[in-house]
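Structure first, then comments.
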Amino acid sequence: MPNIKSSEKSIRQDAKRRARNIFEKDRIKKAKKKVLAAIAENNYDEAMSLFSAATKAIDQAAANHTIHKNNAARKKSRLAKKINAIKA
């Protein structure tokens with residue numbers, strides 16, 4: 001354990017940030033998995049509703065700087081591409 005007050009605070013802040021990042025990334029993964037499951041079943045309507053929820057989770061993670069905005073755009077684009085493939 002550090003003896004310096006600022007180092008102790010830094011450890012507390014790091015733990016908070018790490019917990020927030022893990023939560024955000026886990027939320028993205030779960031939402032993405034649900035969309036991919038709907039795509040696997042060729043259920044377009046369900047996939048679209050789940051896609052909007054996944055998009056919201058991805059956008060929030062990008063807004064909180066958990067992931068980069070380009071990473072968020074890439075994730076959304078790839079999901080949309082797969083959804084459009086089952087529509088056609």
Side-chain angles (χ1 to χ4, degrees):
M1 279 305 287
N3 297 325
I4 301 167
K5 216 169 184 119
S6 63
S7 296
E8 291 173 350
K9 182 178 179 181
S10 179
I11 286 176
R12 287 194 307 269
Q13 288 174 329
D14 290 344
K16 252 186 211 177
R17 287 188 194 113
R18 188 165 37 260
R20 192 179 311 124
N21 289 344
I22 289 170
F23 172 77
E24 292 281 349
K25 288 183 179 183
D26 189 47
R27 201 167 79 175
I28 291 171
K29 286 177 191 173
K30 286 179 182 176
K32 187 176 167 186
K33 212 179 268 190
K34 287 179 184 177
V35 173
L36 292 175
I39 291 170
E41 296 172 0
N42 285 331
N43 192 342
Y44 177 77
D45 296 329
E46 185 182 350
M48 280 306 292
S49 64
L50 291 171
F51 175 69
S52 65
T55 301
K56 182 179 179 184
I58 292 169
D59 286 337
Q60 285 177 340
N64 295 333
H65 303 290
T66 301
I67 60 173
H68 194 272
K69 63 178 186 170
N70 291 354
N71 187 337
R74 186 173 63 243
K75 285 179 187 296
K76 291 188 294 186
S77 174
R78 287 180 179 172
L79 282 176
K81 207 178 200 181
K82 288 179 181 179
I83 289 173
N84 290 334
I86 65 167
K87 182 183 179 184

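Positions are given from 1 along the sequence. Quantities reported herein were computed from a predicted structural model and do not represent experimental measurements.
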Please determine whether side chain to side chain contact (heavy atoms under 4.5 Å, CB included) holds for the pair Ile83 and Lys87, giving the CA-CA distance in whole Å, both sets of side-chain angles, and the decisive distance to 0.1 Å.
CA-CA 6 Å; Ile83 289 173; Lys87 182 183 179 184; 5.8 Å; no
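Once rounded to the nearest 0.5 Å, the distance linking CZ of Arg27 with CD of Gln60 reads 4.5 Å. The distance from the CZ atom of Arg17 to the OG1 atom of Thr66 is 11.5 Å, given to the nearest 0.5 Å. One finds the CZ atom of Arg20 at 11.0 Å from the CZ atom of Phe23 (value rounded to the nearest 0.5 Å). Considering CG of Asn70 and OG of Ser77, their distance stands at 11.5 Å, rounded to 0.5 Å.
Contact record, Phe51 with Leu79: CE1-CB, 3.6 Å, taken as the closest heavy-atom pair. Contact detail for Glu24 and Ala57: the closest heavy-atom pair is OE1-O, 4.3 Å. The shortest heavy-atom contact between Ala47 and Val35 is O-CG1, 4.3 Å. For the pair Ala72 and Ala62, the tightest heavy-atom approach, listed with the atom from each and the gap, is CB-CB, 3.8 Å.
Side-chain contact check for Ile67 versus Ile28: some heavy-atom pair is nearer than 4.5 Å. Within the 4.5 Å cutoff, no side-chain heavy atoms of Lys82 are placed close to those of Ile86.
Formation of a donor-acceptor pair under 3.5 Å by the Asn84 side chain with backbone atoms of Ala80 is found in this model. Judged by distance alone, the side chain of Ser10 and the main-chain N or O of Ser6 form no donor-acceptor pair under 3.5 Å.
Both Leu36 and Tyr44 sit in one connected hydrophobic cluster of ILVMFWY residues. Membership requires side-chain heavy atoms under 4.5 Å apart, directly or through other members.
Between Asp14 and Arg18 no salt bridge is recorded (no basic side-chain N to carboxylate O distance below 4.0 Å). Here Lys5 does not pair with Glu8 in a salt bridge; the nearest charged N to carboxylate O distance is not below 4.0 Å.
For the pairing with Lys76, the side-chain hydrogen bond (donor to acceptor under 3.5 Å, both in side chains) check across Asn71, Thr55, Asp59 returns one residue only, Asp59.
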